[in-house]
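What's counted below: heavy atoms across the whole structure, side chains too, no hydrogens, waters or symmetry copies.
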Amino acid sequence: MKNVALIFAGGSGKRMNSGAIPKQFLELYGKPIIIYTLEKFENHDDIQGIVVVCIHGWISEMRKYVRRFGLTKVKAIVPGGETGQESIHNGLLAVKKLYPDDTVVLIHDGVRPLVDPETITKCIECTKEKGNAMTVVPATETIFVGDGKPGVVGDILDRSRCEMVRAPQCFRLGDILECHEKALEEGKKDFIDSASMFHYYGHTLYSVIGSTENIKITTPIDYYIFRAIVDAKENSRIFGYQ
């Protein structure tokens with residue numbers, strides 16, 4: 001059974017205020033964010049291949065980066081669609097051309113460069129055992145559901161029972177592709193992610209606790225947090241901090 005990372009890098013990053021540069025191509029110390037992400041899967045012993053879904057106008061640039069940084073596990077770079085759902089479907093079709101239906105596919109945001117090897121390993125193991133794996137972190141703040149009136153607090157949820165879904169979101173290729181095909185046939189185009197789609201079509205979801213560092217870089221403050229974490233890790237290697 002193969003394990004393949006499907007890296008979604010199709011967004012334009014409007015909330016980043018980065019001008020013409022999509023957020024996944026913003027650089028830190030001469031390296032784009034997307035490369036930091038790809039390297040986590042490139043360097044993981046249990047990952048056999050990587051498929052990248054890329055914003056259309058940046059595919060040639062993505063290929064240059066793959067060659068420049070020596071990413072040998074990248075097997076295909078395909079264009080994204082008009083929505084995240086369509087982009088992931090494009091990526092799954094590319095994976096299907098290369099690998100069998102029992103392949104474990106790890107769907108991951110290109111702008112989550114801080115995913116750790118242990119989380120990747122746990123996701124693969126859970127998917128092989130139970131059929132899927134959703135990376136989650138415990139909720140650390142109070143969560144309430146709005147009641148539809150602006151400024152009015154609705155039901156307050158029990159925080160101890162709440163978890164926030166992150167990535168990777170992992171499935172057997174045949175199972176998640178079947179759900180995407182059903183959604184396409186039914187004209188359902190508004191699923192926020194593959195986990196919600198998988199749940200909608202009757203599958204039980206299984207969770208894996210991930211690292212709180214595994215943030216999604218969406219806004220400028222996220223970028224600064226990312227830089228601070230990278231600097232802290234580098235300092236720990238240089239000075240031997242624990």
Once rounded to the nearest 0.5 Å, what's the spacing between atom [atom1] of [X] and atom [atom2] of [Y]?
X: K40; Y: R112; atom1: NZ; atom2: CZ; answer: 12.5 Å
X: K23; Y: I55; atom1: NZ; atom2: CD1; answer: 10.5 Å
X: R166; Y: T119; atom1: CZ; atom2: OG1; answer: 10.5 Å
X: D109; Y: Q24; atom1: CG; atom2: CD; answer: 10.5 Å
X: L71; Y: I50; atom1: CG; atom2: CD1; answer: 6.5 Å

Are [X] and [Y] grouped together when hydrophobic residues (ILVMFWY) are joined by side-chain heavy atoms under 4.5 angstrom apart?
X: V105; Y: F191; answer: no
X: Y224; Y: F25; answer: yes
X: I35; Y: I21; answer: yes
X: Y36; Y: I221; answer: yes
X: V115; Y: F226; answer: yes

Does one side chain, of [X] or [Y], offer a donor that lies under 3.5 Å from an acceptor on the other?
X: K188; Y: Y200; answer: yes
X: H89; Y: E181; answer: yes
X: T204; Y: H199; answer: no
X: T219; Y: D222; answer: yes
X: T72; Y: E42; answer: yes
X: E186; Y: Y201; answer: yes

Determine whether more than 12 heavy atoms belonging to other residues, nucleotides or ligands lie under 6.0 Å from atom CD of E118. no
Look at the side chain of [X] and the backbone N and O of [Y], then say whether any donor-acceptor pair between them is shorter than 3.5 Å.
X: T37; Y: G110; result: yes
X: T127; Y: C123; result: yes
X: H44; Y: P117; result: yes
X: N3; Y: I47; result: no
X: R172; Y: K128; result: yes
X: E141; Y: A139; result: no

Could you go through the side chain to side chain contact (heavy atoms under 4.5 Å, CB included) check for Q169 and D193 one step at a time? CA-CA 9 Å; Q169 296 180 4; D193 60 9; 3.0 Å; yes
Ignoring hydrogens, what is the shortest heavy-atom contact between [X] and [Y]? Give both atom names and the distance.
X: Y29; Y: R227; answer: OH-CG, 4.0 Å
X: S194; Y: H180; answer: OG-NE2, 3.6 Å
X: G154; Y: F144; answer: N-CD1, 3.8 Å
X: L173; Y: Y99; answer: CD2-O, 3.8 Å
X: Q85; Y: D190; answer: OE1-N, 3.6 Å
X: A195; Y: M134; answer: CB-SD, 3.5 Å

Taking C-beta and beyond as the side chain, do [X] and [Y] meet within less than 4.5 Å on heavy atoms?
X: K96; Y: L177; answer: yes
X: I34; Y: I7; answer: yes
X: L38; Y: V52; answer: yes
X: I176; Y: L92; answer: yes
X: T103; Y: M1; answer: no
X: I88; Y: V53; answer: no
X: T135; Y: V165; answer: no
X: K189; Y: T83; answer: no

Under the ring-ring contact (aromatic ring centres under 6.0 Å, His included) definition, can you give me all pairs with a residue in residues 108-134, not counting sequence neighbours? F41-H108
Across all chains, not counting sequence neighbours, the side-chain hydrogen bond (donor to acceptor under 3.5 Å, both in side chains) partners of T142 are none
Mind checking what makes side-chain contact (heavy atoms from CB on, under 4.5 Å) contact with P79, not counting sequence neighbours? H56, I59
Check step by step if side chain to side chain contact (heavy atoms under 4.5 Å, CB included) holds for I217 and I33. CA-CA 9 Å; I217 300 176; I33 292 171; 4.0 Å; yes
Salt bridge K31-E39, side-chain N to carboxylate O under 4.0 Å: yes
Checking side-chain hydrogen bond (donor to acceptor under 3.5 Å, both in side chains) for the pair S87/N90: CA distance, chi angles, key distance, verdict? CA-CA 5 Å; S87 294; N90 289 353; 5.4 Å; no
Which donor-acceptor pairs under 3.5 Å do side chains of residues 205-215 form with protein atoms, sequence neighbours excluded?
residue	atom	partner	partner atom	Å
S211	OG	E213	N	3.1
E213	OE1	K233	NZ	3.2
N214	ND2	A167	O	2.6

Do the ring planes of F69 and Y65 sit parallel (below 30°), tilted (30 to 60°) or perpendicular (above 60°)? tilted
Any pair with a residue in residues 56-70 that passes salt bridge (Lys or Arg N to Asp or Glu O under 4.0 Å), sequence neighbours left out, goes on the list, sorted by first then second residue, please. none
Full working for side chain to side chain contact (heavy atoms under 4.5 Å, CB included) between I143 and I156: CA-CA 6 Å; I143 300 173; I156 297 177; over 6 Å; no
Mind checking what makes salt bridge (charged side-chain N to carboxylate O under 4.0 Å, His left out) contact with K2, not counting sequence neighbours? none
What's the verdict on side chain to side chain contact (heavy atoms under 4.5 Å, CB included) for L106 and F171, showing C-alpha distance, side-chain angles and the deciding distance? CA-CA 7 Å; L106 299 89; F171 313 87; over 6 Å; no
